[in-house]
Amino acid sequence: MPDGFSAGDTAFVLVSAALVMVMTPGLAFFYGGMVRAKSTLNMLAMSFLSLGIVSVLWVLYGYSLSFGPDAGAGLIGNLDFLGMDGIGLDDLAGTIPVTAFSAFQLMFAVITPALISGAVADRAKFTAWGLFVALWVTVVYFPVAHWVFFFDGGNGGWLGDRNGVIDFAGGTAVHINAGVAGLALCLVLGRRIGFRKDPMRPHSLPLVMLGSGLLWFGWFGFNAGSALAANGVAAMALINTQVATGAALIGWLVYEKLRHGAFTTLGAASGAVAGLVAITPACGSVSPLGAVAIGLVAGAACAAAISLKYRFGFDDSLDVVGVHAVGGAIGSLLVGLFATGTVGQSAKGLFYGGGFEQLGKQAMGVAVVAVYSFVLSWLLAKAIDRTIGFRVSEEVEVAGIDQAEHAESAYDFSALGSGLGRSSVAPAPVTAVPAATATAAATAVARSTEKTEVDAR
């Protein structure tokens, strides 16, 4: 191997890449448990489809656009590495092979569009979603990844390398990017049938908790792995990730108890994810005490932010905007307050004698990514909706998207017993959608047993 190669760093990054990959199935379970039973498989499949599409596009041109030599002004990479051509086994990125770095960054590219899917749960055509993922990563994610993550001695991406915006592991490129795109899709697809009228509570809180646990586990690779070396910065990023997530979980639960009178498992899971999101851009530049402060703020603020959809009338099904857009913005901005200048970055925040300079840079990064992502995401979604249609029919949405889009159901309700089915299901729903005959009865049973209180969230 060439001089400078580190087997330890390489092993660390490869393991981190595997951890980040696990986050996508974790997200699938997290989202899958939050939807109603009739949409469970569709929610899982939307995340898994991202694994397939983005992996292929990354090799074809995604890596080159994101991390190829800059094509000008720090906006996009060139096409030198199409098909990963020209990258040898001995080529290094720091102390690790370029192929290891590429594999690690691929997992970031995979999970980012998967995050968006929660905003349009229950109502998106699977083919339209797949087309959106392919187009979105091409015109939104790959350029933004170049802006934020590509460093080349001042000649790299225009936000991170040229203007000093700190985003250690993806607060802007991943979370604000996905959260704002989710808002755009909400506006294009419109509200679910029964929004604010029918109960749309999570059908499986154990799945939600399992998914959040897998996300928490995988996030150590997401954040610590972004040091790209097994060193002190990686260790600090890991401990910051843990304590910020714990603090956010507490912050969300306290807000929830004061506001709604109960500590819910859904709140605990959501608070943990909010903390993971918020610490992502900051984990390599703040102290553990700063991480605790960021987590507490994010937990309470994101818990409050999820109610915005009711105030403004947009149907963000699984609170992608409230958790990822808001959490990502909080974490990115608070870097401008809590950056110590002694962890992995030399820039100092306001509370450490750095003045308002870094806070201004962070605000610029948040605003630029949010505006770019929203505009392009809205245009892409609108174009798809006007051509092949983005939303399923009303009949399909009411009966359940799993059968219509996947010809499957997540649960075999016949195990409940034929007596229950005969006494609880009227004939009409069973025959309303011919393709769903086998599961329409089960869907009606599930709907008939739901309580009529408002959504717990």
Side-chain angles (χ1 to χ4, degrees), residues 31 35 39 42-43 45-47 49-50 52-54 57 61-62 65 75-76 109-147 172-196 308-326 328-329 366-398 401 404-405:
Y31 281 170
V35 295
S39 302
N42 180 252
M43 204 70 258
M46 290 175 82
S47 288
L49 186 61
S50 182
I53 291 174
V54 179
L57 296 184
Y61 57 80
L65 293 179
L75 296 176
I76 195 72
V110 164
I111 197 171
T112 306
L115 293 171
I116 303 170
S117 65
V120 292
D122 294 327
R123 60 198 188 277
K125 290 181 180 177
F126 197 62
T127 51
W129 168 249
L131 178 59
F132 177 81
V133 168
L135 295 174
W136 189 84
V137 294
T138 300
V139 303
V140 179
Y141 182 79
F142 296 155
V144 173
H146 186 81
W147 302 353
T172 56
V174 175
H175 297 291
I176 294 175
N177 205 1
V180 173
L183 176 60
L185 262 65
C186 288
L187 298 179
V188 172
L189 271 69
R191 306 172 187 175
R192 287 169 293 177
I193 297 169
F195 176 66
R196 302 193 71 172
L308 293 176
K309 64 182 180 183
Y310 300 112
R311 179 173 299 178
F312 295 106
F314 62 90
D315 185 8
D316 175 15
S317 305
L318 306 184
D319 301 317
V320 175
V321 178
V323 174
H324 294 278
V326 173
V366 168
V368 167
V369 172
V371 171
Y372 181 80
S373 180
F374 180 84
V375 172
L376 269 293
S377 300
W378 189 90
L379 291 173
L380 288 174
K382 200 68 175 178
I384 293 171
D385 193 47
R386 290 287 183 87
T387 52
I388 65 173
F390 212 135
R391 185 166 179 162
V392 298
S393 69
E394 181 175 340
E395 287 182 329
V396 168
E397 184 176 340
V398 170
I401 199 170
E405 292 289 291

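Computed from a prediction, not measured in an experiment: that's the story for all the values here. Count residues from 1 along the sequence.
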Any W129 side-chain heavy atom under 4.5 Å of S117 side chain: yes
Nearest heavy-atom neighbours spanning A184 and W378: CB-N, 3.7 Å
Spacing of L183 atom CG and F312 atom CZ [to the nearest 0.5 Å]: 10.5 Å
Evaluation steps, side-chain contact (heavy atoms from CB on, under 4.5 Å), between F126 and I401: CA-CA 9 Å; F126 197 62; I401 199 170; over 6 Å; no
Check: Y31/S317 side-chain N/O donor and acceptor closer than 3.5 Å: no
Closest non-hydrogen atom pair, A178 against V320: O-CG1, 4.1 Å
Distance in Å, F142 CZ paired with W147 CH2, rounded so as to fall on 0.5 Å steps: 14.5 Å
Nearest-0.5 Å distance that lies between atom CG in N42 and atom CD in E405: 6.5 Å
Beyond-backbone contact of V110 with S50, side-chain heavy atoms, under 4.5 angstrom: yes
Atom pair CD1 (I116) and CD1 (I111), whose distance is rounded to the nearest 0.5 Å: 11.5 Å
Nearest-0.5 Å distance, OG1 of residue T138 to OH of residue Y61: 2.5 Å
Sub-4.5 Å side-chain heavy-atom contact between L49 and V133: no
Where P143 and V140 come nearest, the two heavy atoms and their spacing: CD-O, 3.3 Å
Results of side chain to side chain contact (heavy atoms under 4.5 Å, CB included) for I384 - residues two or more places apart only: A128, L131, F132, L135, I388, F390
Sequence neighbours excluded, every pair satisfying salt bridge (charged side-chain N to carboxylate O under 4.0 Å, His left out) that has a member inside residues 382-391: R391-E397
Non-hydrogen side-chain atoms of I193 and V398 separated by less than 4.5 Å: yes
Polar side-chain atom of S373 near backbone of V369 as donor-acceptor pair, under 3.5 Å: no
Nearest heavy atoms of C186 and A119, plus distance in Å: SG-O, 3.5 Å
Sidechain N-carboxylate O distance under 4.0 Å for K309, D316: no
Donor-acceptor under 3.5 Å (R123 side chain, R191 main chain): no
Taking every non-hydrogen atom, the tightest pair across L318 and M43: CD1-SD, 4.0 Å
Contact check, side chains of D122 and F195, non-hydrogen atoms, under 4.5 Å: no
For the student: nearest non-hydrogen atoms of D315 and G190, plus distance: CB-O, 4.5 Å
Side-chain touch T172/V144, heavy atoms, less than 4.5 angstrom: no
Interatomic spacing from CG in L308 to CZ in F314 - rounded to 0.5 Å: 6.0 Å
